[in-house]
Protein chains: 2
Amino acid sequence: MTIYEVAQRVGVSIATVSRVVRGHGEVAKETRRRVLEAVEELQFRPSRLGQSLAEGRHAANGIVFPDLSGPYYAEVILGYEEVAAELGSSVLILATHGRADPDRKVLDLARRVDGMAIMGRTVSDGVVAQVAATGMPTVLLARPPVGELDTVTTDSDASARELVAHLLGHGYRRFAYLGDPAESPDVTARYDAFRAALVDAGSPPPRAPLRCAFDVPAGREAGQRALARSPRPQVLVCANDEVALGALAAAQQLGLSVPDDVAIVGWDDVMAARYAGLTTVRQPMRALGATAARWLQDRMVVSRFPVRREVLQTQLVIRESCGQHPVDMEVS
Amino acid sequence: MTIYEVAQRVGVSIATVSRVVRGHGEVAKETRRRVLEAVEELQFRPSRLGQSLAEGRHAANGIVFPDLSGPYYAEVILGYEEVAAELGSSVLILATHGRADPDRKVLDLARRVDGMAIMGRTVSDGVVAQVAATGMPTVLLARPPVGELDTVTTDSDASARELVAHLLGHGYRRFAYLGDPAESPDVTARYDAFRAALVDAGSPPPRAPLRCAFDVPAGREAGQRALARSPRPQVLVCANDEVALGALAAAQQLGLSVPDDVAIVGWDDVMAARYAGLTTVRQPMRALGATAARWLQDRMVVSRFPVRREVLQTQLVIRESCGQHPVDMEVS
DNA sequence: TTGAAAGCGCTACCAC
DNA sequence: GTGGTAGCGCTTTCAA
């Protein structure tokens, strides 16, 4: 079903059909009626490819993320899709984690979209720069800036400072950090912020992080390593909630009580964190994605636009896992 | 940067450049070298639009889901993306829930993909049929079949039967069901299965479901309503885990102990369920998405292919919320 | 008010 | 081996 068949059926040119369908240009009332009738009868829908090729735009944009497992990325993507869809863009998603040749895949995605958001440690700065160099509107998410690209991240410093103050207030002095700063820019930022907060508070810097992946099993394994250290750390500060939940399991397995024998804190505030009673730092994940989509739109509409950088606020959420509190500080 | 510029630079025709780039057809070694050199220098990447238009395919497929909030859909999409990417397709996502004109959006998506997966109650059977009628390879996910379309769902009957047997074994006789069968085909299936299992076991059928949306706040509200009934139900059977978590909060708020005063069971086994100690039915969400992607591929490759129907197995997961058990039946 | 036609960027067939 | 060229389906300008 092409525009030609419609035109032929009505006995007009394809230009006229196009005008009617798009609602641009002037068309005689009667002609319009006949065209619309044929469109309806033939169930004509213009080919997106033909349209895009002629218009020179895809009306789509993409988001690249490490992987979708874990509620964190899912939420970001939801926020992104919601805004993008509102703005009339289709959304393409691309997970790179654990996949062969992520660079190629990102470059490939770049050929199907008008703009893209790139999250975390998915591809190298070089590839990001390469994509951006083609003139592709690009925004970076939860990732250090590259060149003059728009970048939206979430705060680690303020909440790390709050967290450390809170933990020191509990009287804790021996900390272990679980997570691999090399794995993700987020972890890097979180670890650095944690370390800086500790040092600024006059404490000795923490030992090197116990490196582990970003999931529950890895957290458990790292938790076991941490808790085997002597003297045993009083607090396990974890790169994200899943690692913290793993650490929780490790403690349980060793017969240690949380928080009496060891305190555990996470990062993100995924749904499970509430039920595990995990003290954590809440991330505005939806807002992260929504912001990226909005900025992308701005860049696609206005050619020259000042570079944007924004650090979204996070919130320390105190629950039971970091120590006994006089009253429940968070109920709901 | 088009194929013309590359051709001109090298002094060959675009046909030759195309041959080299695609790796088809015979090209003299020396010519190939010079073309590749130019491609490299000019950073030429063929336009996806031109390519697709000429090839007559998008090399992309789409998945439509009610919304992305809640870990359930996210996991399905992950499974889908993983397989689709492996198969060389880009993935477009579309959330319909709470959006204006979902039909139009789905039809729109259909113009950009070679195949699509449609989940749950996103669009009417009519629209599904309309999409399928265009020849678009389509598979239905967690949704009743429409016409001759491939459909993959998860089992509700067997696990509902197991669940009911287990609950009856606890001595419970008064059940309340929380969730709105009209909201999603999943809920319909779950409620029907629950009801049938109860009746088959010789119990009286449950009262009508307490209708509520699919999230924690709605679950809490419905939980309050349920627990205010007299006589108070002994078990709240919930449409999904989020509703169950809400019901849990409601019980807590009323000062009721779970499971001593009231038992609560959910459906899905999202991550939070483990930490909330929720008895639930585990869904193979990744497998659901992966299966859809695989079937779609089959349909796109082989034109005529027998209709497929599959019901993936689910697993009853017993935790604390359904009653005291002699020993921990699930540790990890 | 309408039509003809020039692209948009590529693939693949047919000649040479 | 290589080039010419006819599509693929649409938008939009220019004429009529």
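As the structure is a computational prediction, the values presented were derived from the model and not from experiment. All values below were derived from every heavy atom in this structure, side-chain atoms included, with hydrogens, water molecules and symmetry-related copies excluded. Throughout, protein chains are lettered first and strands after them, A, B, ... in sequence-line order, and every chain is numbered starting at 1.
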Handout entry: Donor-acceptor pair, side chain of S18(A) and main chain of I14(A), under 3.5 angstrom
Key =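 Checking the backbone N and O of I14(A) against the side chain of S18(A), no donor-acceptor pair under 3.5 Å is found.
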Exercise for the section: Indicate yes or no for a side-chain donor-acceptor contact from R45(B) to the backbone of V39(B) under 3.5 Å, with no hydrogens or angles considered. Expected result: no
Handout entry: Set of side chain to side chain contact (heavy atoms under 4.5 Å, CB included) partners for T188(A), sequence neighbours left out
Key =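 T188(A) satisfies side chain to side chain contact (heavy atoms under 4.5 Å, CB included) with P181(A), D192(A) once adjacent residues are dropped.
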Problem - Qualifying residues under side-chain hydrogen bond (donor to acceptor under 3.5 Å, both in side chains), relative to N61(B), sequence neighbours excluded - result: Y80(B), S89(B)
Please name all residues satisfying salt bridge (Lys or Arg N to Asp or Glu O under 4.0 Å) with [X], sequence neighbours left out, ordered by chain then number.
| X | value |
| --- | --- |
| E40(A) | none |
| R121(A) | none |
| R104(B) | D108(B) |

Exercise for the section: Can you tell me which residue pairs pass the side-chain hydrogen bond (donor to acceptor under 3.5 Å, both in side chains) test with a partner in residues 49-58 of chain A, sequence neighbours excluded? Expected result: R22(A)-E55(A), R48(A)-S52(A), Q51(A)-R111(B)
Exercise for the section: Any pair with a residue in residues 131-147 of chain A that passes side-chain hydrogen bond (donor to acceptor under 3.5 Å, both in side chains), sequence neighbours left out, goes on the list, sorted by first then second residue, please. Expected result: D125(A)-R143(A)
Exercise for the section: Take the C1' atoms of the five end pairs on each side of the helix from dT1(C)-dA16(D) to dC16(C)-dG1(D), get both axes, and report the angle to 10 degrees. Expected result: 40°
Problem - Range on DNA chain D touched by chain B - first to last nucleotide, heavy-atom distance under 4.0 Å - result: dG1(D) to dG9(D)
Handout entry: Within residues 31-39 of chain B: residues closer than 4.0 Å to DNA chain C (heavy atoms)
Key =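 Close to the strand, none.
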Practice task
Determine which pairs satisfy salt bridge (Lys or Arg N to Asp or Glu O under 4.0 Å) with at least one residue from residues 86-101 of chain B, sequence neighbours left out, and list them in order.
Solution key: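 Passing the test, one end in residues 86-101 of chain B: E81(A)-R99(B).
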Exercise for the section: Could you encode protein contacts along nucleotides 7-16 of chain C as a string, one character per nucleotide from 5' to 3', using B for base contact, S for sugar-phosphate-only contact and - for no contact, with a heavy-atom cut-off of under 4.0 Å? Expected result: BBBBBBB---
